Amino acid sequence: MTAILKREFASYFTSPLGYVYLAVFYGFSGLFLWLTCLTTGAASLSSTFLWMFFIMMILIPVLTMRTMADDKRQKTDQLTLTSPISLFGLVAGKFLAAFAIFLIGALILLIYAVFLSVAVGNAGNVFGWASVWGNFVGIILMGGVFISAGIFISGLTENQMIAAIGSIGANILLCLFDIISGYVPVQWLSDIINSLSVFYKYREFTFGIFSLKNILFFLSLIVIFNFLTMRVIERRRWS
């Protein structure tokens, strides 16, 4: 797993992908910070986090589109599939590499919070760190879900563009379950669909509410998507 992690992490910076991803992430986060805080005088980063949530839905698929699809396109996956590395090590390495790049980008939001808290403190006010940490944990968990879903979609095709578009669609669908449930006439089915809504559970974190149930829900989604990716690879290994 460590070898895969190092190789995949390095690959993001041997191509423009890693630099472009971080530049776009930093650019949008700075823009939203300026629009929601600096120009309005607001002392809360909640709106900045919320806007970045929607940007992540589109940006993370660009980060994950090549994880599996590129190997299949170049036929280099055959070497991996015939090597003694475990499926868990392969998927975990690719997931952690993409997650590390995502985390490097997301940490800028905490840096914004530090500078904002200093400005608020100098004005004699109290900065709401509980909301910041809630938003940050929510963003990190959602990032993990989007990454694991993106890697799974990437494993289904060798076309990077299809992987990116499919991942964006999957991310949007995950966030629309609570809306879709309202149009389902069967109550028990509606309740099941609503319970799968990620956006509603993410919103609870933005209010500084740390629910173990919600944390386990997001971690379970990450595990499920990574498990499905392992099954896709296993099917190709023995086909």
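Remember, predicted model here, so these are calculated numbers, not experimental data. In what follows, residues are counted from 1 in the order of the sequence shown.
With rounding to the nearest 0.5 Å, the separation of CG in L156 from CE in M68 is 10.0 Å. Taking CD of E8 as the reference point, atom OG1 of T67 lies at 7.5 Å (rounded to 0.5 Å). Atom CZ in F28 sits 8.0 Å away from atom CG in L59 (nearest 0.5 Å). How far CG of L103 is from CD1 of I139: 12.0 Å, rounded to the nearest 0.5 Å. With rounding to the nearest 0.5 angstrom, the CG atom of L33 is 4.5 Å from the CG atom of L38. Taking CG of L109 as the reference point, atom OH of Y26 lies at 9.5 Å (rounded to 0.5 Å).
Among residues two or more places apart in sequence or in another chain, the side-chain hydrogen bond (donor to acceptor under 3.5 Å, both in side chains) test is passed with S11 by R66. In this view, Y21 satisfies the side-chain hydrogen bond (donor to acceptor under 3.5 Å, both in side chains) rule with no residue, not counting sequence neighbours. In this structure Y202 satisfies the ring pair (Phe, Tyr, Trp, His ring centres under 6.0 Å) test together with F53, sequence neighbours excluded. With sequence neighbours excluded, the residues satisfying side-chain hydrogen bond (donor to acceptor under 3.5 Å, both in side chains) with S29 are Y112. Residues that satisfy the side-chain hydrogen bond (donor to acceptor under 3.5 Å, both in side chains) test with T36, not counting sequence neighbours, are T48. Here V223 pairs with nothing under the side-chain contact (heavy atoms from CB on, under 4.5 Å) rule; sequence neighbours left out. Here F95 pairs with F99 under the ring pair (Phe, Tyr, Trp, His ring centres under 6.0 Å) rule; sequence neighbours left out. With sequence neighbours left out, S131 forms a side-chain contact (heavy atoms from CB on, under 4.5 Å) with S46, N135.
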Atom pairs and distances, donor-acceptor, side-chain atoms in residues 164-174, under 3.5 Å, two or more places apart:
{"unit_1": "S167", "atom_1": "OG", "unit_2": "A163", "atom_2": "O", "d": "2.7"}
{"unit_1": "N171", "atom_1": "ND2", "unit_2": "M57", "atom_2": "O", "d": "3.1"}
{"unit_1": "N171", "atom_1": "ND2", "unit_2": "S167", "atom_2": "O", "d": "3.3"}

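Within the 3.5 Å criterion, the main-chain N or O of S154 finds no donor-acceptor partner in the side chain of T157.
In this structure, the side chains of M52 and F25 come closer than 4.5 Å at one or more pairs of heavy atoms. Here the side chains of W133 and L110 are in contact, with some heavy-atom distance below 4.5 Å. Contact annotation: the side chain of L87 approaches that of R231 to within less than 4.5 Å [non-hydrogen atoms, C-beta and beyond]. A heavy-atom distance below 4.5 Å is not found between the side chains of T64 and F152. Between L141 and F217, the closest side-chain pair of non-hydrogen atoms is not below 4.5 Å.
Residues L116 and V137 are members of one and the same hydrophobic cluster, defined by side-chain heavy-atom contacts under 4.5 angstrom among Ile, Leu, Val, Met, Phe, Trp and Tyr. Cluster membership for L31 and F115, using ILVMFWY side-chain heavy atoms within less than 4.5 angstrom, is shared. Tracing side-chain contacts under 4.5 Å through hydrophobic residues (I, L, V, M, F, W, Y), one never reaches L176 starting from Y200; they form parts of separate clusters. Placement of F102 and F13 within a single hydrophobic cluster is found when ILVMFWY residues are connected by side-chain heavy-atom separations under 4.5 Å, directly or transitively. No path of Ile, Leu, Val, Met, Phe, Trp and Tyr side chains, each step under 4.5 Å between heavy atoms, connects V145 with L212, placing them in separate hydrophobic clusters.
If you chain together ILVMFWY residues whose side-chain heavy atoms come under 4.5 Å of each other, I209 ends up grouped with F207.
No more than 12 heavy atoms of other residues, nucleotides or ligands sit less than 6.0 Å from atom CH2 of W34. Within 6.0 Å of CZ in F88 there are 12 or fewer heavy atoms belonging to other residues, nucleotides or ligands.
Among pairs with a residue in residues 205-230, those fulfilling side-chain hydrogen bond (donor to acceptor under 3.5 Å, both in side chains) read E204-N214, at least two apart in sequence or across chains. Screening residues 41-50 for salt bridge (Lys or Arg N to Asp or Glu O under 4.0 Å), with sequence neighbours left out, gives no hits.
For the residue pair I140 and A106, the shortest heavy atom distance occurs at CD1-CB, 4.0 Å. Across every non-hydrogen atom of F199 and C175, the tightest pair is CB-O, 3.8 Å. Closest non-hydrogen pair, I101 versus L22, comes out as O-CD2, 3.6 Å. Heavy atoms only, all atoms of each residue included: K94 and R7 are closest at NZ-NH2, 3.9 Å. N159 approaches I162 most closely through the heavy-atom pair OD1-N, 3.1 Å. When all heavy atoms are compared, the tightest approach of V91 to M230 is CG2-CG, 3.5 Å.
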Using the rule given for side-chain contact (heavy atoms from CB on, under 4.5 Å), can you reason through W51 versus L35, listing the C-alpha separation, both sets of side-chain angles and the distance that settles it, and then say yes or no? CA-CA 11 Å; W51 279 111; L35 291 175; over 6 Å; no
